[in-house]
Amino acid sequence: MKTEELKNVDSANMPRRSFLRYAGVGAASVGLLATAGCQKDHIKTYNGVDIGSGDTGILNYAYALEQLEAAFYSAVVANPYTGMSDHEKKLLTSIRDHEILHREFFKAALGSSAIIGLTVDFSSLDFKNRIQILATAKAFEDLGVSAYGGAGYLITNPDYLTIAGKIVSVEARHAALIREMISPGSFAGSDVVDSNGLNQSNEIKVVLPIANTFLKTKVSASNFGYKA
């Protein structure tokens, strides 16, 4: 199912204006992002999609991951696992809403340089299985946080870096919450936070192959050392 189609079943059709307030991003920053998005020639397509290069490429990278997360949580809320409590559904719905806002923000900011809406593949998942779905959510959140950490140094425009920092902060809250849902007290496990209190980070070439296992539209980053 395409992520664009999933948008139609989302109940969280929050206006972009609300996200800007939520993220604390001003119109000037969005304008800068839109300027970067004018570099359409940086986007290459083949049997899939390539994120491009430079800051636009990094923003498309984030957009691809946010598409995947938004699609996943939309499916989770639409197909509650067996035994999902009202409290859990409320938490997962909040995460879904955040991910949709992130996705729509990047799409709008990139404009004509945004990659296409990705088609997801969740056929390997049993959405009725709580253990499997929360484990997948944990993997997505940990991967997403490590992805922002691993790509931050590639961003050249400090305004973009500020926005990325605001978004990854929310993603880290999601990661901690999902871990608590699985095992209370496990919000910052040693597998993601090291002895120096620093979160694990992963390069694009590590993150995208994992993300692609849940995508029919394969995402490449040829300018960053990975081609699907």
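Everything numeric in this text was worked out from a predicted model, so none of it was measured.
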Looking at Arg130, I'd like to know if its CZ atom is crowded, meaning that more than 12 non-hydrogen atoms belonging to other residues, nucleotides or ligands lie closer than 6.0 Å.
yes
Just wondering, are more than 12 heavy atoms of other shown residues or ligands nearer than 6.0 Å to CD1 in Ile131?
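Result for CD1/Ile131: open.
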Do [X] and [Y] make a side-chain contact, defined as non-hydrogen atoms from C-beta onward lying under 4.5 Å apart?
{"X": "Ile51", "Y": "Leu59", "answer": "no"}
{"X": "Val76", "Y": "Ile95", "answer": "no"}
{"X": "Phe122", "Y": "Phe127", "answer": "yes"}
{"X": "Phe224", "Y": "Leu208", "answer": "no"}
{"X": "Leu215", "Y": "Thr119", "answer": "no"}
{"X": "Leu177", "Y": "Glu141", "answer": "no"}
{"X": "Asp86", "Y": "Lys90", "answer": "no"}

Answer yes if [X] and [Y] sit in the same cluster of Ile, Leu, Val, Met, Phe, Trp and Tyr residues linked by side chain heavy atoms under 4.5 Å apart, and no otherwise.
{"X": "Val207", "Y": "Tyr153", "result": "yes"}
{"X": "Leu92", "Y": "Phe187", "result": "no"}
{"X": "Val219", "Y": "Val206", "result": "no"}

Gap separating the [atom1] atom of [X] from the [atom2] atom of [Y], nearest 0.5 angstrom:
{"X": "Lys166", "Y": "Thr162", "atom1": "NZ", "atom2": "OG1", "value": "7.5 Å"}
{"X": "Leu91", "Y": "Met84", "atom1": "CG", "atom2": "CE", "value": "10.0 Å"}
{"X": "Ile115", "Y": "Asn60", "atom1": "CD1", "atom2": "CG", "value": "5.0 Å"}
{"X": "Leu68", "Y": "Thr213", "atom1": "CG", "atom2": "OG1", "value": "8.0 Å"}
{"X": "His98", "Y": "Arg173", "atom1": "NE2", "atom2": "CZ", "value": "9.0 Å"}
{"X": "Thr217", "Y": "Asp121", "atom1": "OG1", "atom2": "CG", "value": "10.0 Å"}

Side chain [X], main chain [Y], donor-acceptor under 3.5 Å:
{"X": "Ser186", "Y": "Gly189", "answer": "no"}
{"X": "Lys128", "Y": "Pro80", "answer": "yes"}
{"X": "Thr56", "Y": "Gly52", "answer": "no"}

Who else is in Val192's hydrophobic cluster (ILVMFWY, side-chain heavy atoms under 4.5 Å, direct or via others)?
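Members besides Val192, by chain and number: Val193.
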Using the rule given for side chain to side chain contact (heavy atoms under 4.5 Å, CB included), can you reason through Asp97 versus Tyr73, listing the C-alpha separation, both sets of side-chain angles and the distance that settles it, and then say yes or no?
CA-CA 9 Å; Asp97 293 351; Tyr73 285 107; over 6 Å; no
For a quick test of reading the model, state the closest non-hydrogen atom pair linking [X] to [Y] and the distance between them.
{"X": "Ile116", "Y": "Gln67", "answer": "O-NE2, 3.3 Å"}
{"X": "Arg103", "Y": "Ala70", "answer": "NH1-CB, 3.9 Å"}
{"X": "Leu161", "Y": "Gly152", "answer": "CD1-O, 3.6 Å"}
{"X": "Ala228", "Y": "Lys218", "answer": "CB-CB, 3.8 Å"}

Audit row: Ser74, Ile100, side chain to side chain contact (heavy atoms under 4.5 Å, CB included) steps and yes/no
CA-CA 9 Å; Ser74 293; Ile100 291 171; 4.1 Å; yes
Does the pair Leu65 and Tyr148 meet the rule for a side chain to side chain contact (heavy atoms under 4.5 Å, CB included), with working shown?
CA-CA 10 Å; Leu65 297 178; Tyr148 276 94; 5.7 Å; no
Is there a donor in the side chain of [X] and an acceptor in the side chain of [Y], or the other way round, less than 3.5 Å apart?
{"X": "Tyr81", "Y": "Gln132", "value": "no"}
{"X": "His102", "Y": "Glu171", "value": "yes"}
{"X": "Tyr226", "Y": "Asp50", "value": "no"}
{"X": "His174", "Y": "Glu99", "value": "yes"}

Hey, what's the ring geometry for Phe72 with Phe140, parallel, tilted or perpendicular (30° and 60° as the breaks)?
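The rings of Phe72 and Phe140 stand perpendicular, inter-plane angle above 60°.
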Pairwise side-chain hydrogen bond (donor to acceptor under 3.5 Å, both in side chains) hits with a residue in residues 190-208, at least two apart:
Ser146-Asn202, Arg179-Asp191
In sequence, state the C-alpha distance, the side-chain angles, and the governing distance for Tyr160 and Ile155, and then conclude on side chain to side chain contact (heavy atoms under 4.5 Å, CB included).
CA-CA 7 Å; Tyr160 306 161; Ile155 300 175; 3.5 Å; yes
